[in-house]
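Side chains are part of it too, since the values below use all heavy atoms of this structure and drop only hydrogens, waters and symmetry mates.
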Amino acid sequence: SSQYDDFSTKTCHEYQFFVETMLALSVLGFSEVRFKLHPGNRKKHYYKMIARHFGLNCELFDGGPFKEFNNWADFAIGPAMSGAMIEFIASGKPYFPILQIPHPVNMKYFHGSVVYSDMEKLKADLERGHYPDQRPLLEEFTSYSDIPNAAERTWNVLRGLVANDQLTPD
């Protein structure tokens with residue numbers, strides 16, 4: 001078993017992240033906050049109870065088109081191990097990726113990128129208006145500068161293989 005086998009977040013850390021993030025945004029004066037749960041997450045009711053208990057002012061969502069949330073937001077704070085991170089960075093908007101400690105992630109995959117494990121550093125960057133340039137992170141995950149249209153490139157390679165009898169369609 002490798003230290004990188006388990007990419008899940010413990011539920012207690014998940015709720016801690018929610019409370020700490022919402023409190024930090026409130027203290028910093030952000031009044032319109034939306035918290036989007038991962039699709040399929042059946043915990044919205046529990047998150048509402050937590051929000052009421054801690055007096056958190058935010059809208060909670062567990063569904064809806066991701067693009068609408070992206071269009072609405074000025075920036076996003078969310079998990080570093082999420083497709084939403086890539087989509088958000090690709091849209092050109094600031095994304096603050098979070099990896100809560102303890103985590104099993106090999107940080108070599110995030111070389112040259114800013115990833116937050118410390119809520120105080122996140123709050124300090126938000127307060128200063130420092131939005132990290134996450135384009136290197138996007139490039140690491142997508143190789144966009146080398147392959148700007150991955151789908152087209154895939155089809156061209158497949159066509160070439162078929163044309164050269166290296167791949168026979170059934």
Decide if atom NZ of Lys44 counts as having more than 12 heavy atoms of other residues, nucleotides or ligands within a radius under 6.0 Å. yes
Ignoring hydrogens and angles, write down the donor-acceptor pairs under 3.5 Å from the side chains of residues 19-26, residues two or more places apart or on other chains.
{"unit_1": "Glu20", "atom_1": "OE2", "unit_2": "Gln16", "atom_2": "NE2", "d": "3.0"}
{"unit_1": "Thr21", "atom_1": "OG1", "unit_2": "Phe17", "atom_2": "O", "d": "2.7"}

What are the two closest non-hydrogen atoms of Phe66 and Ala84, and how far apart are they? CE1-CB, 3.6 Å
Is Leu56 reachable from Leu28 through a run of hydrophobic residues whose side-chain heavy atoms are each under 4.5 Å from the next? yes
Would you compute the distance between atom OH of Tyr131 and atom CG of Leu126 and round it to the nearest 0.5 angstrom? 6.5 Å
Any side-chain heavy atom of Leu122 within less than 4.5 Å of one from Ile98? yes
Could you tell me whether the side chain of Asn156 reaches within less than 4.5 Å of the side chain of Glu152, counting heavy atoms only? yes
For this output row, return yes or no: ring centroids of Phe61 and Phe69 closer than 6.0 angstrom. yes
Just so I know, are the side chains of Val115 and Phe96 near enough to count as touching, which here means a heavy-atom distance under 4.5 Å? no
When you compare the side chain of Phe75 with that of Lys93, does any pair of heavy atoms fall below 4.5 Å? no
Under 4.5 Å between any side-chain heavy atoms of Phe18 and Ile50, yes or no? yes
Option passing side chain to side chain contact (heavy atoms under 4.5 Å, CB included) with Ser91 (candidates Asn70, Asn71, Ile86): Asn70
Would you say Met119 ends up clustered with Ile77 if hydrophobic residues are merged whenever their side chains have heavy atoms under 4.5 Å apart, either directly or through other cluster members? yes
For Ser113 and Leu137, work out which heavy atoms get closest and say how close. OG-CB, 3.2 Å
Which residues share a side chain to side chain donor-acceptor pair (under 3.5 Å) with Glu140, sequence neighbours left out: none
Quick one: are Lys48 and Leu60 in side-chain contact, heavy atoms under 4.5 Å? yes
The complete set of salt bridge (charged side-chain N to carboxylate O under 4.0 Å, His left out) pairs with one or both residues in residues 129-138, sequence neighbours excluded, reads Asp133-Arg135
State plainly whether one hydrophobic cluster holds both Met49 and Phe35, where clusters connect Ile, Leu, Val, Met, Phe, Trp and Tyr through side-chain heavy atoms under 4.5 angstrom apart. yes
Going by the salt bridge (charged side-chain N to carboxylate O under 4.0 Å, His left out) test, which pairs reach into residues 56-69, not counting sequence neighbours? Arg34-Glu59
For Tyr46, ring-ring contact (aromatic ring centres under 6.0 Å, His included) partners two or more places apart: Tyr15
Compare all side-chain heavy atoms of Phe30 with those of Cys58 and state whether any distance is below 4.5 angstrom. no
Smallest heavy-atom separation, Ala80 atom then Met85 atom, equals O-CE, 3.2 Å
Does either side chain, that of Gln100 or that of Ser117, offer a donor lying less than 3.5 Å from an acceptor on the other one? no
Around Arg128, counting heavy atoms of other residues, nucleotides and ligands shown, do more than 12 lie under 6.0 Å from its CZ? yes
Write down the atom of Asn57, the atom of Ser31, and the distance for their closest heavy-atom approach. ND2-O, 3.8 Å
Salt bridge (charged side-chain N to carboxylate O under 4.0 Å, His left out): pairs with one or both residues in residues 111-124, sequence neighbours excluded: Glu120-Lys123, Lys121-Asp125
Spatial distance of atom CD1 (Ile89) from atom CD (Gln134) [nearest 0.5 Å]: 5.0 Å
Indicate the atoms forming the closest heavy-atom contact of Lys36 with Gly64, along with that distance. CE-O, 3.9 Å
State, with a plain yes or no, whether a side-chain heavy atom of Trp155 is found less than 4.5 Å away from one of Arg159. yes
Check Pro79 against Tyr95 and note the closest heavy-atom contact, atom names and distance. O-OH, 2.9 Å
Is it true that, when you exclude His38 itself, more than 12 heavy atoms of the residues, nucleotides or ligands shown sit nearer than 6.0 Å to its NE2? no
Transitively linked via ILVMFWY side-chain contacts under 4.5 Å: Val27 with Tyr116? no
